[in-house]
Amino acid sequence: MVEIRRIRDDEADLVAGLWDEMNRAVPDGGPLTERGRRNIALMLRASAWHLRAFCLVAVDAERIVGFVNGTVDVGDGLLPGALGLIDALHVVADARGAGTSRRLAEAAVGWLRDQGDVATIRFLVCADDPDAIGFWSSLGFTADMTCMSLYEE
């Protein structure tokens, strides 16, 4: 049985490795630099105790097989309550298909709702990723905004 729980300080480097794996798996992704991986690990380490940031891990037989992380923010102040942001969700390939992604996402929503003042929760999805759009839609998320990006040439 997979357990979902908050990351421990000593697991940050391991989860940073999963973050690197996640980055390598997406189109146009790539490996983290050593500095980037170290910075991700620092952020994850703080997520073990931070009041407004979290990282939850999925543990199967003492092995971390996935994670989800996010923050609580007041945003621009125009929405009622605080804004919950889910930043990343990743499950290792050999642990997919067992509902772990759904359990992590639901746990993240629960953690954010438990903060008491979170009225809106967001997760940014690539417009050309129908699987991710379908997954988050199945959890009740709706596409209500479009993010436009301008890249430096």
Side-chain angles (χ1 to χ4, degrees), residues 1-33 36-75 79 81-145 147:
M1 178 71 163
V2 174
E3 173 193 11
I4 308 293
R5 62 166 171 73
R6 195 149 189 188
I7 193 173
R8 293 190 313 247
D9 181 73
D10 64 335
E11 297 168 329
D13 290 327
L14 175 68
V15 176
L18 294 179
W19 195 298
D20 186 43
E21 176 184 298
M22 175 183 67
N23 284 350
R24 292 169 189 256
V26 297
D28 296 328
L32 291 172
T33 63
R37 191 169 172 154
R38 187 173 57 252
N39 289 341
I40 293 288
L42 287 170
M43 180 264 307
L44 291 168
R45 204 166 275 115
S47 296
W49 54 265
H50 202 282
L51 295 176
R52 304 298 259 182
F54 69 94
C55 178
L56 305 175
V57 293
V59 182
D60 186 11
E62 299 185 31
R63 175 182 165 227
I64 294 178
V65 296
F67 72 92
V68 62
N69 76 300
T71 57
V72 175
D73 189 3
V74 294
L79 291 172
L83 178 64
L85 300 168
I86 298 174
D87 296 319
L89 185 147
H90 178 67
V91 173
V92 300
D94 66 347
R96 293 182 189 146
T100 304
S101 294
R102 176 171 292 280
R103 289 191 56 218
L104 279 167
E106 289 171 345
V109 168
W111 190 93
L112 289 164
R113 292 282 188 229
D114 286 348
Q115 302 318 295
D117 57 346
V118 172
T120 303
I121 299 173
R122 290 203 170 120
F123 181 81
L124 292 176
V125 157
C126 290
D128 62 354
D129 188 345
D131 291 337
I133 292 168
F135 173 76
W136 290 98
S137 294
S138 77
L139 292 166
F141 285 70
T142 59
D144 64 347
M145 302 178 80
C147 174

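Note that the structure is a prediction, hence the values are computed from the model and not measured.
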Backbone N/O of L32 and side chain of D20: donor-acceptor pair under 3.5 Å: yes
Scanning both residues in full, the closest heavy-atom pair of T71 with A53 reads CG2-CB, 3.9 Å
Shortest non-hydrogen contact between I133 and C126, atoms and distance: CD1-O, 3.8 Å
Under 3.5 Å: donor-acceptor pair, side chain of T100, backbone of R96: no
How about N69 and L56: do any of their side-chain heavy atoms sit closer than 4.5 Å? no
Start with the C-alpha distance between D10 and R45, add both sets of side-chain angles, then the distance that settles salt bridge (charged side-chain N to carboxylate O under 4.0 Å, His left out), and finish with yes or no. CA-CA 7 Å; D10 64 335; R45 204 166 275 115; over 6 Å; no
Hey, mind stepping through D73 and R122 against salt bridge (charged side-chain N to carboxylate O under 4.0 Å, His left out) and telling me if it holds? CA-CA 11 Å; D73 189 3; R122 290 203 170 120; over 6 Å; no
Under 3.5 Å donor-acceptor, N23 side chain and G29 backbone: no
Atom SG of C55 and atom CZ of R5: how far apart are they, to the nearest 0.5 Å? 10.0 Å
Validation row: W136, L89 side chains within 4.5 angstrom (heavy atoms): yes
Do the side chain of D129 and the main chain of A132 share a donor and acceptor less than 3.5 angstrom apart? yes
Determine whether V65 and V59 satisfy the following criterion, side-chain contact (heavy atoms from CB on, under 4.5 Å), listing intermediate values before the conclusion. CA-CA 6 Å; V65 296; V59 182; over 6 Å; no
Quick check: does any side chain N or O of R37 sit under 3.5 Å from a backbone N or O of P31, one acting as donor and the other as acceptor? no
Is the shortest heavy-atom distance from the side chain of L139 to the side chain of V109 under 4.5 Å? no
Nearest heavy-atom neighbours spanning T33 and G36: OG1-N, 2.9 Å
Just how far is it from atom CG of L18 to atom CD1 of I40, taken to the nearest 0.5 Å? 12.0 Å
Quick one: does V92's side chain get under 4.5 Å of R63's, heavy atoms only? yes
Main-chain N/O of W111 paired to Q115 side chain as donor or acceptor, under 3.5 Å: yes
Just checking, is any N or O donor in the side chain of S138 or R102 under 3.5 Å from an acceptor N or O on the other one? yes
Beyond-backbone contact of I86 with I121, side-chain heavy atoms, under 4.5 angstrom: yes
Nearest 0.5 angstrom please: I4 CD1 to M1 CE, how far? 9.0 Å
From S47 atom OG to R52 atom CZ, the distance as rounded to the nearest 0.5 Å: 14.0 Å
Using modelled atom types and a 3.5 Å cut-off, is there a donor and acceptor pairing between side-chain atoms of R113 and backbone atoms of V118? yes
Heavy-atom closest pair, residues A48 and R6: O-NE, 3.8 Å
Criterion side chain to side chain contact (heavy atoms under 4.5 Å, CB included) against T120, the qualifying member of L85, L112, L83: L83
Nearest heavy-atom contact between S101 and V91 is OG-CG2, 3.3 Å
Under 4.5 Å between any side-chain heavy atoms of V72 and F54, yes or no? no
Do R24 and W19 have side-chain heavy atoms sitting under 4.5 Å apart? no
Carefully, step by step, assess E106 and R103 under the rule salt bridge (charged side-chain N to carboxylate O under 4.0 Å, His left out). CA-CA 5 Å; E106 289 171 345; R103 289 191 56 218; over 6 Å; no
Which heavy atom in A41 sits nearest to a heavy atom in A12, and how many Å separate them? O-CB, 3.4 Å
Nearest 0.5 Å, what's the CZ-CD1 distance between F67 and I7? 9.0 Å
